[in-house]
Amino acid sequence: MANTLDKLSHAAERKAAEVLVDKVLKSLDKDRDKTYVELVDMARTFWGNDFSNETYDMVKKAICDKDNKWVKFINQTIDETDKNVAKTAIMNLGFEAFFRGTKMIRKNREKYQCNIPWLILFDPTTACNMHCEGCWSGTYGRKYNMTFEDMDKIITEGKELGVYLYLMTGGEPLVRKKDILRLAEKHRDVELAMFTNSTLVDEEFCKEVQRLGNMTFLLSIEGTMETNDARRGDGHYEAVMNAMKLFKKYGILFGTSVCYTRANIEAVTSDAFFKLLTDNGARFGFYFHYMPVGKNAVPELMPTIEQRKYIIERLRDIRTNPDNDICFYPMDFQNDGEFVGGCIAGGRNYFHINSCGDAEPCVFIHYSDSNIHDKSILEILQSPLFMAYHDGQPFNNNHLRPCPMLENPKILREMVARTGAKSTNLESPETADELCSKCDDYAKAWAPAAEKIWASTPHKKKKYENYKNWKKEA
């Protein structure tokens with residue numbers, strides 16, 4: 001009875017939110033500036049003391065500035081996005097994930113005394129039609145696939161905990177295009193995002209995505225045609241450009257996924273590259289530090305210390321410099337730790353499930369003590385390995401050194417040994433010592449540089465760095 005009442009209450013809340021969203025979207029066409037101010041006022045009411053007077057005044061001032069680049073950014077995104085896609089994204093990311101889901105997640109963290117993530121990343125398949133240099137999954141072949149029932153279970157159980165955002169990687173997830181569309185149709189209240197190499201994006205697929213509205217894409221690209229195709233193969237750059245053209249035509253939200261390496265870091269941070277992305281409709285992107293994972297890894301591709309210092313400064317300048325007219329929002333998975341309280345893996349904000357069903361703390365940490373075929377999502381989050389993350393985060397008080405592998409390799413060695421987690425590398429098992437030995441010299445070299453940068457800049461302590469003590473930190 002209680003469950004039925006909860007479902008009815010949820011349905012009523014969603015319907016009321018839909019009415020509000022429809023009203024907002026219509027008003028954006030009539031008086032956009034006035035609507036922005038009303039939305040800021042609503043946000044201030046919702047956040048209470050967390051929305052300071054200083055922030056409120058700053059945001060209102062930006063709204064009134066016709067030349068503000070982030071107002072231009074928002075306007076451009078609104079104008080280019082299909083109405084159904086926009087409404088669905090607001091409902092699923094805004095109402096379900098951010099508003100309702102966040103409250104559920106916080107309640108469940110306290111109830112179950114473990115990490116509950118905001119998103120779950122999973123691999124529909126290991127199959128990939130490419131073989132990028134240094135990529136572990138490119139060597140796996142087509143042997144491993146999740147069933148539709150596996151993927152459905154992940155989302156169904158995740159929603160029960162408050163998770164409404166799901167990312168897919170692989171392999172190439174669009175090898176499973178039909179099942180992914182079926183999944184999006186069944187779970188219309190979640191947002192599905194895909195890391196894709198773009199080669200399987202076509203007109204028919206875009207029409208279905210536009211109709212469903214609850215799918216977003218992150219296109220893998222690494223700079224110029226030369227730097228991109230040198231690692232990913234001839235013709236890949238052209239395929240990405242074609243996918244961008246189609247997504248822009250159908251008003252589908254998309255961004256980019258960049259793996260920065262010693263060989264491409266200048267190309268993927270140049271003004272010309274950012275202009276290319278924005279001109280073709282990409283509005284955001286994730287930057288990932290190359291990780292030497294697997295026997296196929298090329299440690300020489302890891303950026304130099306000077307290159308890592310450079311990319312920190314460069315991406316933050318893109319986001320904060322008002323004189324910079326680049327309307328693209330880059331997020332740095334490795335170097336933005338202070339904005340999310342350090343390492344977000346192990347279910348703190350996300351975790352990864354590979355195509356065999358093995359639950360891994362992070363997409364780059366291929367060790368597991370749990371599988372979705374014999375455990376629920378909640379039981380996975382309460383397993384010894386995931387509880388080691390829960391109890392140990394943050395792994396470093398300097399959030400420019402967040403990772404228990406790349407910057408603190410002794411910690412990963414210890415956690416794997418203590419919990420009895422096994423290697424899940426599907427090509428060739430790799431011990432924690434083998435993996436971490438490729439990071440030891442890098443971690444040692446990066447530590448003094450990271451400490452110098454950290455000491456030279458002011459920091460605002462992030463709430464909830466460890467959810468074990470979340471009440472004390474609140």
Side-chain angles (χ1 to χ4, degrees), residues 7-48 50-51 55-103 164-165 181 184-193 206-217 244-255 278-284 327-329:
K7 288 182 179 178
L8 289 172
S9 175
H10 180 197
E13 286 180 354
R14 184 175 174 99
K15 186 62 180 178
E18 282 186 8
V19 172
L20 178 61
V21 169
D22 284 335
K23 181 181 177 182
V24 168
L25 290 174
K26 286 179 182 177
S27 64
L28 284 172
D29 293 332
K30 296 177 182 177
D31 191 339
R32 195 165 284 185
D33 292 346
K34 180 182 177 183
T35 304
Y36 287 158
V37 172
E38 289 174 351
L39 290 172
V40 172
D41 287 339
M42 288 170 58
R44 190 184 195 188
T45 301
F46 175 76
W47 285 110
D50 287 337
F51 202 128
T55 301
Y56 178 74
D57 293 339
M58 181 181 69
V59 173
K60 286 193 72 173
K61 182 181 178 181
I63 291 170
C64 297
D65 181 2
K66 301 293 184 184
D67 295 322
N68 183 279
K69 75 171 186 174
W70 294 118
V71 174
K72 289 180 179 178
F73 170 90
I74 294 168
N75 286 334
Q76 204 167 7
T77 304
I78 290 170
D79 292 338
E80 292 179 350
T81 305
D82 174 78
K83 296 295 184 185
N84 181 52
V85 172
K87 177 182 175 179
T88 307
I90 293 169
M91 287 302 304
N92 293 356
L93 287 175
F95 172 71
E96 298 289 5
F98 183 72
F99 178 69
R100 185 172 174 274
T102 297
K103 290 194 293 185
Y164 283 83
L165 174 58
L181 289 171
E185 183 84 68
K186 181 173 182 180
H187 296 280
R188 298 294 290 271
D189 55 348
V190 307
E191 191 74 12
L192 300 177
C206 289
K207 290 177 181 177
E208 277 296 280
V209 172
Q210 184 190 58
R211 178 184 69 83
L212 290 164
N214 61 340
M215 300 171 75
T216 307
F217 300 86
M244 288 185 179
K245 179 181 177 182
L246 287 171
F247 285 150
K248 190 173 182 179
K249 175 182 176 180
Y250 286 94
I252 297 166
L253 286 169
F254 73 94
T278 55
D279 286 351
N280 284 279
R283 295 286 163 252
F284 61 94
C327 288
F328 179 86
Y329 197 86

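Small disclaimer: the values here were computed from a predicted structure and weren't measured.
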Give, for atom CG of N92 and atom CZ of R188, the distance between the pair rounded to the nearest 0.5 Å. 9.0 Å
Determine the sole option in R283, R32, K72 for which the salt bridge (charged side-chain N to carboxylate O under 4.0 Å, His left out) test with D79 is passed. R32
So do E13 and F95 actually touch side chain to side chain, heavy atoms under 4.5 Å? yes
Close side-chain approach of I63 and V37, heavy atoms under 4.5 Å: yes
Atom CG of L39 and atom CG of L28: how far apart are they, to the nearest 0.5 Å? 7.0 Å
Any side-chain heavy atom of Y164 within less than 4.5 Å of one from L93? no
Smallest heavy-atom separation, A282 atom then G255 atom, equals CB-CA, 4.5 Å
Between E185 and R211, is there a salt bridge with N-O shorter than 4.0 Å? yes
Least distance between heavy atoms, T278 atom then C327 atom: CG2-O, 3.4 Å
In Å and rounded to the nearest 0.5 Å, what is the CG to NZ distance from D57 to K60? 8.0 Å
Are any non-hydrogen side-chain atoms of L181 and M215 less than 4.5 angstrom apart? yes
Are side-chain heavy atoms of L25 and I90 found at a separation under 4.5 Å? yes
With the threshold set at 4.0 Å, does a side-chain nitrogen-carboxylate oxygen contact exist between R100 and D189? no
Which distance, rounded to the nearest 0.5 Å, do you find between the CZ of F247 and the CD of E80? 14.5 Å
Under the 3.5 angstrom rule, does the side chain of N214 hit a backbone N or O of A184 as a donor-acceptor pair? yes
Can you name the nearest heavy-atom pair linking L253 to A89, along with the distance? CD1-CB, 3.9 Å
Taking the side chain as everything from C-beta on, heavy atoms only, tell me whether K248 gets closer than 4.5 Å to N280. no
Which atoms form the tightest heavy-atom contact between T35 and S27, and what is the distance? OG1-OG, 3.1 Å
State, yes or no, whether a side-chain contact exists between D29 and K83 at a heavy-atom distance under 4.5 Å. yes
For Y250 against C206, the heavy-atom pair lying closest together: CD1-CB, 3.6 Å
For Y329 together with F73, are the ring centres under 6.0 Å from each other? no
NZ (K30) and NZ (K26) are apart, to the nearest 0.5 Å, by 7.5 Å
Would you check, one step at a time, whether the test side-chain contact (heavy atoms from CB on, under 4.5 Å) holds for F284 with T77? CA-CA 10 Å; F284 61 94; T77 304; over 6 Å; no
Value for CG (D33) from CG (D65), rounded to nearest 0.5 Å, stands at 10.5 Å
Evaluate the side-chain proximity of F217 to V209: yes if any heavy-atom separation is below 4.5 Å, no if none is. yes
